[in-house]
Amino acid sequence: MPDEDIQATEPLTSTTSEGQDIRPGELLVPEDTYLTAGVHIGTQQKSASMRHFVFKIRYDGLYVLDIKETDRRIRLAAQFLARFPADKILAVSQRQYGQKPVRIFAKTIGAISFSERFVPGSLTNPNLAEYIEPKVLVVTDPATDQQALSEAVSVGIPVLGLCDVNNETRDVDLVIPCNNKGRVSLATVYWLLAREVLRARSGSEAEPAYPLTIEDFQAAL
C-alpha cells in the first residue's frame with residue numbers, strides 16, 4: 001500500500017558549527033519548493049530525538065519541521081557523501097514512494113541502490129549473492145529500513161537517514177529532517193541531494209550540469 005566533521009560515532013546536532021556559514025534566508029531552492037512538496041509536514045506523533053527539528057505544531061495537530069534545518073542538512077549530507085567513492089554509497093527504501101527516488105538518486109551519482117526488499121545479510125553475510133561492502137548507507141526511513149540500518153550498525157559504517165518527526169534516530173549519524181512518507185517530498189529531497197553531491201564533487205559553487213527535475217524522481221501514483 002502506498003505511503004503518503006561527520007563521524008559515525010558523533011551524530012550531528014542542530015547546533016553544530018558546520019552549518020553556520022549558511023546565511024539566513026539562503027536556501028538551495030526557493031522556500032515555496034519545499035512547502036509545495038510538503039517536505040516540512042510531519043506527523044502527529046513526535047519522538048524525543050526529533051524534537052529540536054520541529055518548527056511548530058499546526059492547528060490539526062501535525063508537527064511542522066524547520067525547513068532551514070532540512071536545507072542545511074541536505075548540504076552537509078551531500079558534502080559527506082562526496083567524500084566516498086560513488087560505488088561505495090548504498091541507498092535503500094522499502095517505502096513505495098521512496099523506491100523510484102532512491103533508484104534515480106543512485107543512478108545519478110553512481111551509487112548502489114536496494115529499492116523494495118532489502119535481503120537480510122546483504123551487508124553481513126559474504127556467502128550471499130547480494131553481499132556488498134558499502135562504506136556509507138542512506139536510508140529513506142529508519143523504521144521501514146530497519147534491517148539495512150541494523151546491518152550497517154553491525155559492520156560499523158555511517159548512516160544518513162531521512163527522518164520524519166516520529167522516527168527514532170539513535171542509530172542515524174546524520175539526520176535529514178523531512179516528510180519521508182510523501183511522494184513529492186521524497187522526490188524533492190533525493191533530487192536535491194543528488195544535485196548537491198554532484199556539486200560537492202566538482203568543488204565548484206556553480207550550478208552543476210543537472211538536467212533532471214523533481215518530476216523525474218517522483219514515483220507514480
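All values below come from the heavy atoms of this structure, side chains included, with hydrogens, waters and symmetry mates left out.
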Stepwise, does the side chain to side chain contact (heavy atoms under 4.5 Å, CB included) test hold for Leu192 with Thr33?
CA-CA 11 Å; Leu192 264 177; Thr33 300; over 6 Å; no

Could you walk me through whether Leu81 and Val138 pass the side chain to side chain contact (heavy atoms under 4.5 Å, CB included) check?
CA-CA 9 Å; Leu81 290 174; Val138 180; 4.1 Å; yes

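Note that the CG atom of Asp164 and the CG atom of Leu65 stand 6.0 Å from one another [nearest 0.5 Å]. Atoms NE2 and SG, from His40 and Cys178 in turn, are 12.5 Å apart once rounded to the nearest 0.5 Å. To the nearest 0.5 Å, the span separating CD on Glu69 from CD1 on Ile74 amounts to 11.0 Å. Atom CD of Gln79 sits about 13.5 Å away from atom CZ of Arg201, to the nearest 0.5 Å. From Ser93, atom OG reaches atom NZ of Lys100 across 13.5 Å, with rounding to the nearest 0.5 Å. How far CD1 of Ile176 is from CZ of Arg75: 13.0 Å, rounded to the nearest 0.5 Å.
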Show every donor-acceptor pair shorter than 3.5 Å between a side-chain atom in residues 211-221 and any protein atom, with sequence neighbours excluded, or say none if there are none.
unit_1	atom_1	unit_2	atom_2	d
Thr213	OG1	Glu215	N	3.3
Thr213	OG1	Glu215	OE1	3.2
Thr213	OG1	Asp216	N	3.3
Thr213	OG1	Asp216	OD2	3.3
Asp216	OD2	Thr213	N	2.8
Gln218	OE1	Arg183	NH1	2.9

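A continuous path of hydrophobic side-chain contacts links Leu90 to Val155 [ILVMFWY only; heavy atoms under 4.5 Å]. Hydrophobic clustering, with ILVMFWY side chains joined whenever heavy atoms are under 4.5 angstrom apart, keeps Val184 apart from Leu28. Residues Phe114 and Leu128 do not share a hydrophobic cluster, clusters being chains of Ile/Leu/Val/Met/Phe/Trp/Tyr side chains in contact below 4.5 Å. Linking ILVMFWY side-chain heavy atoms closer than 4.5 Å, directly or via other members, places Met50 and Leu62 in two distinct hydrophobic clusters. Cluster annotation: Ile41 is not connected to Val29 through the hydrophobic network of ILVMFWY side chains, with a link wherever side-chain heavy atoms come within less than 4.5 Å.
Of the possible donor and acceptor atoms, one in the side chain of Thr43 sits under 3.5 Å from a partner among the backbone N and O of Gln45. A distance-only check finds a donor-acceptor pair linking the side chain of Asp145 to the backbone of Asp141 [under 3.5 Å]. Panel note: side chain Arg51, backbone Ala48; a donor-acceptor pair is recorded below 3.5 Å. For the pair Tyr210 (side chain) and Arg199 (backbone), a donor-acceptor distance under 3.5 Å is absent. Between the side chain of Ser150 and the backbone N or O of Gln146 there is no donor-acceptor pair closer than 3.5 Å. In this structure, Glu151 contributes its side chain and Leu123 its backbone to a donor-acceptor pair below 3.5 Å. Between the Ser113 side chain and the Ala91 main chain, no donor and acceptor come within less than 3.5 Å of each other.
Residue Phe84 places its CZ atom among more than 12 non-hydrogen atoms of other residues, nucleotides or ligands, all under 6.0 Å distant.
Closest approach of Ala152 to Val159, counting heavy atoms only: CB-CG2, 3.7 Å. Residues Asp87 and Ile112 come closest through the heavy atom pair O-CD1, 3.1 Å. Pairing each heavy atom of Leu193 with each of Ala78, the nearest pair is CD1-N, 3.8 Å. Across all their heavy atoms, Thr124 and Ser154 have their closest contact at CG2-OG, 4.3 Å. Nearest heavy atom pair, residue Tyr190 against residue Val92, reads OH-O, 4.2 Å. Minimum heavy-atom separation, Ser122 to Val119: OG-O, 2.6 Å.
Counting only heavy atoms from C-beta outward, the side chains of Pro177 and Arg73 approach each other to under 4.5 Å. Between Lys68 and Leu27, some side-chain heavy-atom pair lies under the 4.5 Å cut-off. In this structure, Phe80 and Asp173 have side chains that are not in contact, with every pair of non-hydrogen atoms separated by 4.5 Å or more. Using a 4.5 Å heavy-atom cutoff, the side chains of Glu168 and Pro142 are not in contact.
Tested against Lys181 for a side-chain contact (heavy atoms from CB on, under 4.5 Å), the candidates Asn166, Thr144, Thr140, Leu186 yield a single pass: Asn166. Screening Asp71, Thr188, Asn179, Thr70 for a side-chain hydrogen bond (donor to acceptor under 3.5 Å, both in side chains) involving Tyr34 leaves a single residue, Asp71.
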